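Written below as structure tokens is the structure these notes are about.
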Amino acid sequence: MLTPGFGQCKQPTQTSPCITRDAEGRCQEINTAFGVIKTSPEGFIEILFGVLLAASGAIAVLLLMRAGYQIMTARGNPEGIKEGREKIVAVILGLMFLVFSVVFLEVIGVDLLRIPGFSR
């Protein structure tokens, strides 16, 4: 004799990833594995810039570690030490360009052009 409910499957419920909707019913924010992402172009670009900035910082740290390792394993070889120093200087200059480009874009977008969606 079968017990009640045995062998019966429930239909899975469809849940929308949308968290908030506007007055017209359009989705404003969705829930993803990376967190809440806005569906507006400004919100998406903000998230994209944050991810790219974090990834470039992580790559810079790895390159700094590699250059430091190259200096440590140069064993007194002046050419190896010089090459490692040049790589460290290049990584630091690249990070400076990256930070100043973000500041530059923010100054132009927010202060000068007053582009909507870009705020501090």
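Not measured: the values here are computed from a predicted model. Residue indices begin at 1 and follow the sequence shown.
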Could you tell me the separation between the [atom1] atom of [X] and the [atom2] atom of [Y], rounded to the nearest 0.5 Å?
{"X": "Ile47", "Y": "Ile37", "atom1": "CD1", "atom2": "CD1", "value": "6.0 Å"}
{"X": "Leu64", "Y": "Ile59", "atom1": "CG", "atom2": "CD1", "value": "12.5 Å"}
{"X": "Thr20", "Y": "Gln28", "atom1": "OG1", "atom2": "CD", "value": "6.0 Å"}

(message) Between Thr39 and Ile30, does the side-chain contact (heavy atoms from CB on, under 4.5 Å) criterion hold? Intermediate values first, please.
(response) CA-CA 7 Å; Thr39 58; Ile30 58 172; 4.0 Å; yes

(message) Would a single hydrophobic cluster contain both Phe49 and Phe100, if residues Ile, Leu, Val, Met, Phe, Trp and Tyr are joined by side-chain heavy-atom contacts under 4.5 Å?
(response) no

(request) Can you tell me which residue pairs pass the disulfide bond (SG atoms under 2.5 Å apart) test with a partner in residues 27-70, sequence neighbours excluded? (result)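 Sorted pair list: Cys18-Cys27.
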
(message) Run the side-chain contact (heavy atoms from CB on, under 4.5 Å) test against Glu24 and tell me which residues pass, sequence neighbours left out.
(response)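 So Glu24 forms a side-chain contact (heavy atoms from CB on, under 4.5 Å) with Asp22, Arg26.
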
(request) Using side-chain contact (heavy atoms from CB on, under 4.5 Å) as the criterion, list what pairs up with Ile108, not counting sequence neighbours. (result) Phe104, Leu112, Leu113

(request) Just grab all the salt bridge (Lys or Arg N to Asp or Glu O under 4.0 Å) pairs involving residues 88-97, residues at least two apart or on different chains. (result)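 Pairs touching residues 88-97 that pass the test: none.
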
(request) Provide the full list of side-chain hydrogen bond (donor to acceptor under 3.5 Å, both in side chains) pairs with a residue in residues 48-69, sequence neighbours left out, each pair given once. (result) none

Atom pairs and distances, side-chain donor-acceptor, residues 77-92, under 3.5 Å, sequence neighbours left out:
from	atom 1	to	atom 2	distance (Å)
Asn77	OD1	Glu79	N	3.3
Glu83	OE2	Gln70	NE2	3.0
Lys87	NZ	Gln70	OE1	3.1

(request) Report yes if some heavy atom in the side chain of Leu98 is under 4.5 Å from a heavy atom in the side chain of Leu53; otherwise report no. (result) yes

